[in-house]
Amino acid sequence: MIPDKVPQEDVYHAPQDLVKGAHVPNFEKYKELYLKSIQSPEEFWGDIAKDFFWKTKHTGKFLDYNFDVTKGNIYIQCMEGATTNICYNALDWNIHQRNLGDKVAFYWEGNEPGDELKVTYRELLHQVCKFANVLKSVGVRKGDRVSIYMPMVVELVVAMLACARIGAVHSIVFAGFSAESLFERIMDSQCSLLITADGFYRGDKLISLKLIADDALQRCRDKGVPVEKCIMLKHLSKEQPDSPAASPSPPAKRPCPDLQETPKDKVRKIRPKAQVPWNPEVDLCWHTLVDGASEECEPEWCASEDPLFILYTSGSTGKPKGVLHTVSGYMLYAATTFKLVFDYQPDDVYWCTADIGWITGHSYITYGPLTNGATSVLFEGLPTYPDMSRMWEIVDKYQVTKFYTAPTAIRLLMKYGSAPVQKFRRDSLKVLGTVGEPINPEAWQWYYSVVGEKKCPVVDTFWQTETGGHVLTPLPAATPMKPGSATFPFFGVVPAILNESGEELEGPSEGYLVFKQPWPGIMRTVYGNHQRFEATYFQKFPGYYVTGDGCRRDQDGYFWITGRIDDMLNVSGHLLSTAEVESALVEHPAVSEAAVVGRPHPVKGESLYCFVTLIDGVAYSTTLETELKQQVREKIGAIATPDYMQNAPGLPKTRSGKIMRRVLRKIARNERDLGDVSTLADSSVIDQLFNNRCPTAV
Ligand code: PRX
């Protein structure tokens, strides 16, 4: 499975100073540990678990599971009998056991340069305990679901850790999602509380978060399922007049009592306020509640398999799936992958540019770094604001050593050349990472040579919301790298490549990427729908977890992800289901049918190309096109905005009525060689579709 030898030529090696003192210093050591993780998981993970605090130790097997639907229900159970608390491990344990109370947990860097603050582990613990007491005071109990819809601020971490501390289950919704998406997620997870903020700036654009949150809450009320309370953090300052962007809001019934004051402990500048509607029956002010709360809060001791969080990810049927992760396995896995994949050392300053609203932020901004006692940068802004050098300016400012970002950001910055990068020294950098989508070798080379000056290994980490942490990844000092390959499995992970008949392929091959056994961080179920969990991941090939990704293994045994092989698109590292976009389009009264396919995009990886069939008598126009794009933004969020759209009076269908997406993908790419189209019911639609192609999709 892991090759005996890896090539020494035409690969990239870590510099010697990184190898010295690395946790896994060479490929031999990686192989040895890998074998141990597979053959003696109890011992392998048992050693790791010794670094954590357990209120009670586990009594059963380390991992108990069934991965085979033909043999009964799918289940994964880790460390039966153990009780712990992940928040306690992330904060109290570091403070008391490792003496890290005064160590900086986060350097927060706001959207505007100069807007900054830092928080130590002790300060974070106090804030978390206060907010945990607030949660209890508003009636949140162990097992309750709490929805969090916040910008990238320290209080977002505080809110999630406070939930974890009292055993409540957080469900974070990315702050770029629409009211409809938020509503759908609140309803699915039956949240009793929503935590949000007044608003925030993305570059120079104001996002009035509370207005969107209110819209979502109204939709819940309309469905007869009201959310009892909404806690609002005041993030925007009061100094400037109301922003016009917020003016459509209804007049505030009563202002948040503290809105007149900027929180004393924070220096927050340059952020004009948003107008904040206020409903005294539901809305509560974060600052007022926290002011009176105690700084002490005994953690709730949770069983290993108690739920920790729900995070929604796109599903191929269009309805997002609530991926559920549980306490102990996720904790061990997030912590261990963070430590080994970034070769974390105590003096590191680590920066992951993802948003906490995605799994990358959960595992590698909050839980992984904090359980290791790391110092991280938490960045609210954009890589291109106020200019193209922002990332590198921040790297120098905080002397960042380990840096983790997405290929789409690399490709975007690459367009502007090396000058904005070279304005800053970046000589603190030691390891670079990527995540979210395949990285093309050109972008890898640019990242490696221009950003890392050829002295930083690039860890191309393949994983998913479902996997909880990295599953295929290089280890920076140990794995010779090939640009564009996620290389080899992490400890405890057993990948295989299957053909269409479900046979395991050996040697160089290409097919479905699956995993043969669980690792501690794998998801446990789809919240409220275990059957969907089994059907999505385990039905197609009994005995395997099916990732939905295609994969190639080369002659040296390296794994190369080739992209999704289901109806999912990866736009700027975000998974979108074509069905979800299609259903947003057909909700428009002018549309009778829609089909959405991906088209390669130089920066985003993939872009959305939409074919829409209108109802009889409606004319296609640019106004309608704008309306349809807006409709998708409103239903899902800006990340799903269609890039290209075309009128499709007819769609290519088989005689049984199935849309031939393969043909549509070719049309979107303007590729005339359609392959075998003999199953088409009406071949005349093809010419029409080519003639109507979106003119901007050259
Ligand atoms: O298609 C793969 C792609 O992102 C998908 C998972 O998306 P999500 O659950 O949103 O999580 C993203 C962050 C972990 C995968 O099924 N993907 C992720 N990382 C890589 C990747 N594709 C290729 N190479 C990667 N390193």
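In what follows, residues are counted from 1 in the order of the sequence shown. First listed ligand is number 1; within each ligand, the first listed atom is number 1. The shown structure was predicted, so the numbers you read here are calculated from the model rather than taken from an experiment.
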Side-chain H-bond candidate by donor/acceptor type, Thr525 with Arg532, under 3.5 Å: no

Enumerated ligand 1 atoms positioned under 4.0 Å from heavy atoms of Trp463: 6 (C), 14 (C), 15 (C), 18 (C), 19 (N)

Heavy-atom nearest neighbour in the protein, as seen from atom 23 (C) of ligand 1, with distance rounded to 0.1 Å: Pro438 N, 3.1 Å

Atom NZ of Lys629: over 12 foreign heavy atoms under 6.0 Å: yes

side-chain hydrogen bond (donor to acceptor under 3.5 Å, both in side chains), paired with Asp188, selected from Arg145, Lys321, Lys319: Lys319

Element-labelled atoms of ligand 1 that are located less than 4.0 Å from some non-hydrogen atom of Val435: 13 (C), 14 (C)

Ligand-side contact atoms (ligand 1) for residue partner Asn570, heavy atom cut-off under 4.0 Å: 3 (C), 4 (O)

Cation-pi check, Lys339 onto Tyr344 ring (under 6.0 Å, within 45° of axis): no

Stacked cation flag Arg599 on Tyr644, 6.0 angstrom / 45 deg: yes

Distance filter under 4.0 Å to Gly436 heavy atoms, resulting ligand 1 atoms: 3 (C), 4 (O), 17 (N), 18 (C), 19 (N), 20 (C), 21 (C)

Element-labelled atoms of ligand 1 that are located less than 4.0 Å from some non-hydrogen atom of Thr465: 8 (P), 9 (O), 10 (O), 11 (O)

From Ile359, Asp460, Leu311 - option closest to atom 26 (N) of ligand 1 by heavy atom: Asp460

Parallel, tilted or perpendicular: ring planes of Phe309 versus His170, cut at 30 and 60 degrees: parallel

Asp549, any N or O under 3.5 Å of ligand 1 N or O: yes

Proximity winner for atom 24 (N) of ligand 1, if only heavy atoms of Glu437, Arg564, Glu466 are counted: Glu437

N/O separation below 3.5 Å, Thr434 to ligand 1: no

Taking atom 13 (C) of ligand 1 as the reference point, the nearest protein heavy atom with its distance: Thr360 OG1, 3.4 Å

Test item: side-chain donor near acceptor, Tyr544 and Glu504, under 3.5 Å: yes

Nitrogen or oxygen atoms of Thr461 and ligand 1 under 3.5 Å apart: yes

Close approach, Ala486 and ligand 1, non-hydrogen under 4.0 angstrom: no

Near-ring test Phe490/Tyr333, centroid separation under 6.0 angstrom: yes

Any donor-acceptor pair under 3.5 Å from Glu606 side chain to Val571 backbone: no

